[in-house]
Amino acid sequence: MATVTRVTKISHHSAIDPSSIFTSCFRNSLVLVCYLVLLLSSNISPSFGLSGVGEEDENRGSDLYPEILRDEAVARLHQLGGVSDGDGYLERTFMSPAAVRAGNLIREWMEDAGLRTWVDSLGNVHGRVEGRNASAEALLMGSHLDTVVDAGKFDGSLGIISVLAALKVLNINGKLGELSRPVEVIAFSDEEGVRFQSTFLGSAAVAGILPVSALKITDKSDVTIQDALKKNSIEITEENLLQLKYDPKSVWGYVEIHIEQGPVLEWVGYPLAVVKGIAGQTRLKVTMRGSQGHAGTVPMSMRHDPMASAAEAIVLLESLCKHPQDFLSFDGHCKSFSMESLSTSLVCTVGEISTWPSASNVIPGQVTFTVDLRTIDDMGREAVVYEFSNRMYQICDKRSVSCTIDHKHDADAVICDSELSSKLKSATYIGLKRMTGAAIEDEVPVLMSGAGHDAMALSHLTKVGMLFVRCRGGISHSPEEHVLDDDVWASGLAILAFIETQM
Ligand SMILES: NC(=O)NC(NC(N)=O)C(=O)[O-]
Ligand SMILES: [Mn+2]
Ligand SMILES: [Mn+2]
């Protein structure tokens, strides 16, 4: 008997698009209160249960496949979550030993689902079935096999394992060869960009937007991307890099399942959401150099301290991103960006800082820190980067510290394809109906993504659509990241319904 998490019902006649609510309320810290008020005022009926498969139709249970879409998928998520370079925490970065082991394990699961597999020269792991018409445009699906440091088990992995579970069900039912078009699952080698700070390496190569110059990017140990591949017996050249690009005419679309990494689905009590779009992002590396010296003998007035300069710049960044309207101005004519969309979606993070020589009794000679800046408003993002840069250089001049800004990564915001999103929404209804045995009257939530995804890179190749899966407390990029077993199941049923109805 399937028991599925209870879902708060949003009555369909007052269906509301949570992302629009968030746009209007997101401005202040009462956003969730606003959201709740708006939901309650739309006659939320008492929560109806996804209370399990109806007793009356035992046959329905036969197309639920809990042993594959839930039990085996959950077991694989935990198994993959144990493949790590870290001791006691999860870490898999581009072409690391654990990333290679993870790729091999995923490849086994691809073959277990009946797919033809290979690894390309950027370390992406591919599994493909041609279906009835090998020359038709292919449906691409997938997500990333790399992780951040001290990661959760579901970010990236769920999008690979859930899709493979659905394809395994089709293979068991003898339907895989009957699909109307080829289907290809790709486990991308580097979405997080932790090692080289230039994210989407694998998916950008498939989309044809990874410049050859990227192969010379170095990590903290001065190892280039090219070296990292060579250490794994992959000789990447300009020629075979360019060969990785898929012909847009050979691709029908790209679909990615991913954890929400936010609190909304848990808040509204719904297991899945359709993604409306993905915020644009910029990554900077700031280096400040000053006068290294003795902590005990250099008078404060004579110091050129890059640590204090960095601290002032980081606090400035926080103020700029909390209150952009206090820093930015634009004449009403050019309308280059909307303060509304910027201030409701702008987030900035300094996640990494390092100093040299990093000794408690030494005034540092150099400080380096990262900046991660995101918003759905691309023009606004450029304006914020410009404003931060100018004000940071003023800080450095005032403190007689030399500063450089290295632009590591830029990705424009992406709007998901409306037709593909509509198909994913329909498939979600079908999947959830199978689980509950009752018609789903609610509007599937539609959310914006502040997190980046390989779909951003693939949007340069083909139309993209995404499904979000609820995660506990919205927590991600943490070992606390968690998805309910039944929500893993719901994601598998939704993508199975999508493939069955669209292919
Ligand atoms: N889904 C993700 O966690 N993506 C992460 N990676 C990139 N490239 O955005 C991020 O930081 O949001
Ligand atoms: Mn991530
Ligand atoms: Mn991710």
Side-chain angles (χ1 to χ4, degrees), residues 77 80-81 84 89-94 99 102 106 124 141-163 186-205 207 209-210 214 217 254-263 265 273 275 277-285 345-352 370-376 381 408-414 416 447-460 464 466-471 474-483 491:
L77 282 160
L80 189 56
S84 173
Y89 60 88
L90 177 54
E91 177 183 338
R92 283 198 305 267
T93 56
F94 181 68
I106 290 166
N124 299 312
M141 297 187 284
S143 194
H144 57 97
L145 63 79
D146 68 309
T147 74
V148 293
V149 180
D150 198 17
K153 295 187 175 79
F154 301 84
D155 179 359
S157 304
L158 179 63
I160 297 165
I161 287 169
S162 194
V163 165
I186 308 176
F188 292 108
S189 55
D190 180 84
E191 187 274 344
E192 300 287 2
V194 167
R195 179 174 178 183
F196 290 96
Q197 275 308 307
S198 58
T199 182
F200 307 143
L201 288 180
S203 43
I209 58 170
L210 186 68
I217 294 172
Y254 172 75
V255 168
E256 182 169 356
I257 291 179
H258 200 284
I259 54 172
E260 179 200 346
Q261 300 176 296
L265 284 179
V275 177
I278 307 167
Q281 52 181 248
T282 289
R283 289 188 185 184
L284 307 174
K285 180 179 170 185
S345 68
L346 177 63
V347 287
C348 309
T349 310
V350 174
E352 209 177 315
T370 58
V371 172
D372 177 312
L373 196 154
R374 310 192 193 189
T375 168
I376 56 175
R381 175 163 48 90
K408 302 297 281 186
H409 166 67
D410 270 311
D412 280 352
V414 168
C416 294
L447 302 180
M448 277 301 291
S449 175
H453 302 286
D454 287 304
M456 296 176 90
L458 269 292
S459 70
H460 292 269
V464 300
M466 285 191 72
L467 274 184
F468 268 170
V469 184
R470 172 170 54 187
C471 58
I475 296 169
S476 182
H477 286 189
S478 158
E480 297 308 308
E481 191 179 274
H482 183 74
V483 175
S491 69

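For ligands, and for the atoms within them, numbers begin at 1 and follow the listed sequence.
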Q: Answer yes or no: does an N/O atom from Phe200 fall short of 3.5 Å to an N/O atom of ligand 1?
A: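 No: no nitrogen or oxygen of Phe200 is under 3.5 Å from one in ligand 1.
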Q: For the atom pair CZ (Arg283) and NE2 (His409), what is the distance rounded to the nearest 0.5 Å?
A: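 Between Arg283 CZ and His409 NE2, I get 5.5 Å after rounding to 0.5 Å.
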Q: When you measure from the side chain of Arg195 to the backbone N and O of Phe94, does any donor-acceptor pair fall under 3.5 Å?
A: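 Yes.
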Q: Restricting to non-hydrogen atoms, name the atom on Met141 and the atom on Val163 that form the minimum distance, rounded to 0.1 Å.
A: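 Answer, listing the atom of Met141 first, then Val163: CE-CG1, 3.5 Å.
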Q: Among the heavy atoms of His258, does any lie under 4.0 Å from an atom of ligand 1?
A: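 A heavy atom of His258 does come that close to ligand 1.
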Q: Side chain, backbone, both or neither: which applies to Glu260 and ligand 1 if a contact is any heavy-atom pair less than 4.0 Å apart?
A: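 Neither part.
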Q: Look only at the side chain of Glu481 and the backbone of Phe154, and say whether a donor-acceptor pair between them is shorter than 3.5 Å.
A: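 Between the backbone of Phe154 and the side chain of Glu481 there is a qualifying donor-acceptor contact (under 3.5 Å).
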Q: For residues Asp190 and Phe196, determine if any side-chain heavy atom of one lies less than 4.5 Å from a side-chain heavy atom of the other.
A: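 No, side chains not in contact.
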Q: Is Glu256 near ligand 1, meaning one of its heavy atoms is under 4.0 Å from it?
A: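 No heavy atom of Glu256 comes that close to ligand 1.
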Q: At a 4.0 Å threshold, what atoms of ligand 1 neighbour a non-hydrogen atom of Ala451?
A: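 Selected atoms, number and element: 1 (N), 2 (C), 12 (O).
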Q: Which distance, rounded to the nearest 0.5 Å, do you find between the CD of Glu192 and the CG of Asp454?
A: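 So the gap between those two atoms works out to 9.0 Å.
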Q: Give the residue and atom name of whichever protein heavy atom lies nearest to atom 11 (O) of ligand 1, and the separation in Å to one decimal.
A: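 That would be Arg374 NH2, 2.6 Å.
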Q: Could you pull out the atom name of the N/O/S atom in Asp155 that is nearest the Mn ion (ligand 3)?
A: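 The Mn ion (ligand 3) is closest to the Asp155 atom OD1, counting only N, O or S.
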Q: Which of the atoms of ligand 1 are close to Arg283, meaning less than 4.0 Å from one of its heavy atoms?
A: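 Per the distance check, 6 (N), 7 (C), 8 (N), 11 (O).
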Q: Go through it in stages, so that I can follow the logic: the residues are Glu91 and Ser84, the test is side-chain hydrogen bond (donor to acceptor under 3.5 Å, both in side chains), and I'd like the CA-CA distance, side-chain angles, deciding distance and then a yes or no.
A: CA-CA 5 Å; Glu91 177 183 338; Ser84 173; over 6 Å; no
Q: Return the residue, atom name and 0.1 Å-rounded distance of the protein heavy atom closest to atom 5 (C) of ligand 1.
A: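 Looking only at protein heavy atoms, the one closest to atom 5 (C) of ligand 1 is Glu192 OE1, 3.2 Å.
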Q: Do me a favour and list the nearest non-hydrogen protein atom to atom 6 (N) of ligand 1 with residue, atom name and distance?
A: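 Of the protein heavy atoms, Glu191 OE2, 3.0 Å lies nearest.
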Q: Around atom 2 (C) of ligand 1, find the nearest protein heavy atom and jot down its residue, atom name and distance.
A: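 Scanning the protein heavy atoms, the shortest distance from atom 2 (C) of ligand 1 goes to Gly452 O, 3.3 Å.
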Q: Nearest protein heavy-atom contact for atom 8 (N) of ligand 1: which residue, which atom, what distance?
A: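 So the nearest neighbour among protein heavy atoms is Thr199 OG1, 2.9 Å.
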Q: I want to know if ligand 1 touches His477 in the polar sense, i.e. an N/O pair below 3.5 angstrom.
A: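 Yes, since at least one N or O of His477 sits under 3.5 Å from an N or O of ligand 1.
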Q: Are any N, O or S atoms from His477 nearer to the Mn ion (ligand 2) than 2.8 Å?
A: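 A backbone or side-chain N, O or S atom of His477 is under 2.8 Å from the Mn ion (ligand 2).
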Q: For His258, what is the atom name of its N, O or S atom nearest to the Mn ion (ligand 3)?
A: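 It is NE2 of His258.
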Q: So which bit of Val148 gets within less than 4.0 Å of ligand 1, heavy atoms only: side chain, backbone, both or neither?
A: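 Under 4.0 Å from ligand 1, Val148 contributes no heavy atoms.
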Q: Taking all non-hydrogen atoms of both residues into account, name the closest pair between Leu90 and Lys153 and its distance.
A: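 Looking at all heavy atoms of both residues, the shortest contact is CD2-CA, 4.1 Å.
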Q: Which of the numbered atoms in ligand 1 are under 4.0 angstrom from any heavy atom belonging to His453?
A: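 With His453 as reference, the close atoms of ligand 1 come out as 1 (N).
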Q: Quick one: does Glu256's side chain have a donor or acceptor within less than 3.5 Å of a partner on Ala455's backbone?
A: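 Yes, because the side chain of Glu256 sits within donor-acceptor range (under 3.5 Å) of the backbone of Ala455.
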Q: Pick out which of Glu260, Gln261, His258 makes a side chain to side chain donor-acceptor pair (under 3.5 Å) with Ser476.
A: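 Between Ser476 and the candidates, side chain to side chain donor-acceptor pair (under 3.5 Å) is satisfied uniquely by Gln261.
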Q: Could you list which atoms of ligand 1 come closer than 4.0 Å to a heavy atom of Gln261?
A: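 Going through ligand 1 atom by atom, the ones under 4.0 Å from Gln261 are 1 (N), 2 (C), 3 (O).
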Q: Write down the atom of Thr375, the atom of Ala413, and the distance for their closest heavy-atom approach.
A: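 For Thr375 and Ala413, the tightest heavy-atom pair comes out as O-CB, 4.5 Å.
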Q: Any chance the side chains of Asp410 and Thr282 put a donor and an acceptor closer than 3.5 Å?
A: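 Looking only at side-chain atoms, Thr282 and Asp410 do form a donor-acceptor pair, the distance falling under 3.5 Å.
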Q: May I ask you to check if ligand 1 and Gln281 share an N or O to N or O distance below 3.5 Å?
A: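 For ligand 1, there is an N or O atom that lies under 3.5 Å from one belonging to Gln281.
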Q: Report the atom name of the nearest N/O/S atom of Glu192 relative to the Mn ion (ligand 2).
A: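 Going by distance to the Mn ion (ligand 2), the closest N, O or S atom in Glu192 is OE2.
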